[in-house]
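Take a look at the structure below.
Predicted model only: the values in this text are computed from it and were never measured. Computation of the quantities below employed the complete heavy-atom set of this structure, encompassing side-chain atoms and omitting hydrogens, waters and symmetry-equivalent molecules. The chain is numbered in sequence order, starting from 1.
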Amino acid sequence: MTMKSPSDQHAHLDFYTTAEDVFDKLRALVEQPQANADAAALHVHAMALIGRLKFLNRAANTATREKKEATGEARQEMDQSHLGLQNLLYEKRHLEREIEKCRQFASIYQDVPLHSLEDFMELAPEEARRPDEDEHQLMLNRLSFELAERQRLDRKRRDLLKQKEDLLKESKAKTATMENVKSQIELLIKTATEVQKKVDDLVPVPNQSTPTPTGN
């Protein structure tokens, strides 16, 4: 059976509202004591309410800690996404510079920046680099190979743009999630602080100089 974390177990709790309800009950015991009330019963009731407050305080602190951990994990994932996006942007700029060079090539084929003959003979398909072809056909083959390479680079550029858009969407979604978690943490911290303060106000520190009565 899957065990639930403390924050899952108390996710349904409205810490602030529940604490206020306990405080109201404590005030009622202090400010409007019943004439015929049994002191021992009142003491037990008060201690039960104080125990409830301590439980709420622990639950709020636990939920706050787990929300902080979740925020840290979300931030780490967002940092990884941001790093991946930066790498894609760097590669995109590099490809854009290469594509711009290709677009600015001169219309006369002799001025077109081609792969060197050595690169062509190494990279081009075997049927395009047959040694028995004349120089004219070889140049046509080199131009065709250059066009195919530039089209391949352009396709890669478009793929990278698509990846960039996907990463941006993912980054925005994670940013929104982190902001939501941050707001919840701030609310939990505020609630925990208020609960702790009210617990401290209602449960004074025992006077060390006053002897504690012992039971018979």
Original post:
Which value, rounded to the nearest 0.5 Å, describes the distance between Tyr90 atom OH and Leu95 atom CG?
Top reply: 10.5 Å
Subject >> Residues Glu66, Thr62; criterion side chain to side chain contact (heavy atoms under 4.5 Å, CB included); working and verdict >> reply: CA-CA 6 Å; Glu66 293 190 355; Thr62 299; 4.0 Å; yes
Original post:
How about Lys198 and Leu53: do any of their side-chain heavy atoms sit closer than 4.5 Å?
Top reply: no
Subject >> Gap separating the CD atom of Gln163 from the NZ atom of Lys156, nearest 0.5 angstrom >> reply: 9.5 Å
Original post:
What are the two closest non-hydrogen atoms of Lys68 and Ile189, and how far apart are they?
Top reply: CE-CD1, 4.2 Å
Original post:
Closest approach of Val22 and Arg52, non-hydrogen atoms and distance?
Top reply: CG2-CG, 3.6 Å
Original post:
Quick one: are Arg93 and Arg97 in side-chain contact, heavy atoms under 4.5 Å?
Top reply: yes
Original post:
Does a salt bridge link Glu98 with Arg150, judged by any charged N lying under 4.0 Å from a carboxylate O?
Top reply: no
Subject >> Closest non-hydrogen atom pair, Ala124 against Phe145 >> reply: CA-CE1, 3.7 Å
**OP:** Could you state whether Leu168 and Leu88 fall into the same hydrophobic cluster, counting links through intermediate Ile, Leu, Val, Met, Phe, Trp or Tyr residues with side-chain heavy atoms under 4.5 angstrom apart?
**Re:** yes
**OP:** Establish whether Leu143 and Leu147 are linked, either directly or via other cluster members, by ILVMFWY side-chain heavy-atom contacts under 4.5 Å.
**Re:** no
**OP:** Answer with yes or no whether the hydrophobic clustering places Ile99 together with Leu161; edges join I, L, V, M, F, W, Y residues whose side-chain heavy atoms lie under 4.5 Å apart.
**Re:** no
Original post:
Is Glu186 paired with Lys190 through a side-chain N to carboxylate O contact shorter than 4.0 Å?
Top reply: no
Original post:
Minimum heavy-atom separation for Val181 to Lys67, with atom names?
Top reply: CG1-O, 3.6 Å
**OP:** Nearest 0.5 Å please: distance from the CG atom of Asp166 over to the OG atom of Ser81.
**Re:** 11.5 Å
**OP:** Evaluate the salt bridge (charged side-chain N to carboxylate O under 4.0 Å, His left out) criterion for residues Glu96 and Lys92: first the C-alpha distance (whole Å), next the side-chain angles of each, then the deciding distance (0.1 Å), finally the verdict.
**Re:** CA-CA 6 Å; Glu96 285 176 341; Lys92 172 180 172 289; 2.5 Å; yes
Original post:
Would you call Glu165 and Lys169 a salt bridge, taking side-chain N to carboxylate O under 4.0 Å as the test?
Top reply: no
Original post:
Between atom CG of Asp79 and atom CD of Glu77, what is the distance when rounded to the nearest 0.5 Å?
Top reply: 10.0 Å
Subject >> Pairwise distance CG(Leu56) to CD(Gln196) - rounded to 0.5 angstrom >> reply: 12.0 Å
**OP:** Inspect the contact between Asp154 and Arg157 and indicate whether a charged nitrogen and a carboxylate oxygen are less than 4.0 angstrom apart.
**Re:** yes
Subject >> For the student: nearest non-hydrogen atoms of Ile185 and Thr64, plus distance >> reply: CG2-CG2, 4.4 Å
Original post:
Short question: side chain of Ser171, backbone of Leu167 - any donor-acceptor pair under 3.5 Å?
Top reply: no
Original post:
Is Arg152 salt-bridged to Glu149, cutoff N-O under 4.0 Å?
Top reply: yes
Original post:
Distance only, no hydrogens: is a donor on one side chain within 3.5 Å (strictly under) of an acceptor on the other, for Asn141 and Gln137?
Top reply: yes
Subject >> Cluster overlap Leu89 with Leu153, hydrophobic side-chain contacts below 4.5 Å >> reply: yes
Subject >> Separation between OG1 of Thr175 and NE2 of His82, rounded to the nearest 0.5 Å >> reply: 10.5 Å
Original post:
With sequence neighbours excluded, what pairs up with Arg155 under the salt bridge (charged side-chain N to carboxylate O under 4.0 Å, His left out) test?
Top reply: none
**OP:** Sort out for me which residue in Gln80, Met178, Lys182 forms a side-chain contact (heavy atoms from CB on, under 4.5 Å) with Arg75.
**Re:** Met178
Subject >> Check: Asn57 main-chain N/O paired with Asn61 side-chain donor or acceptor under 3.5 Å >> reply: yes
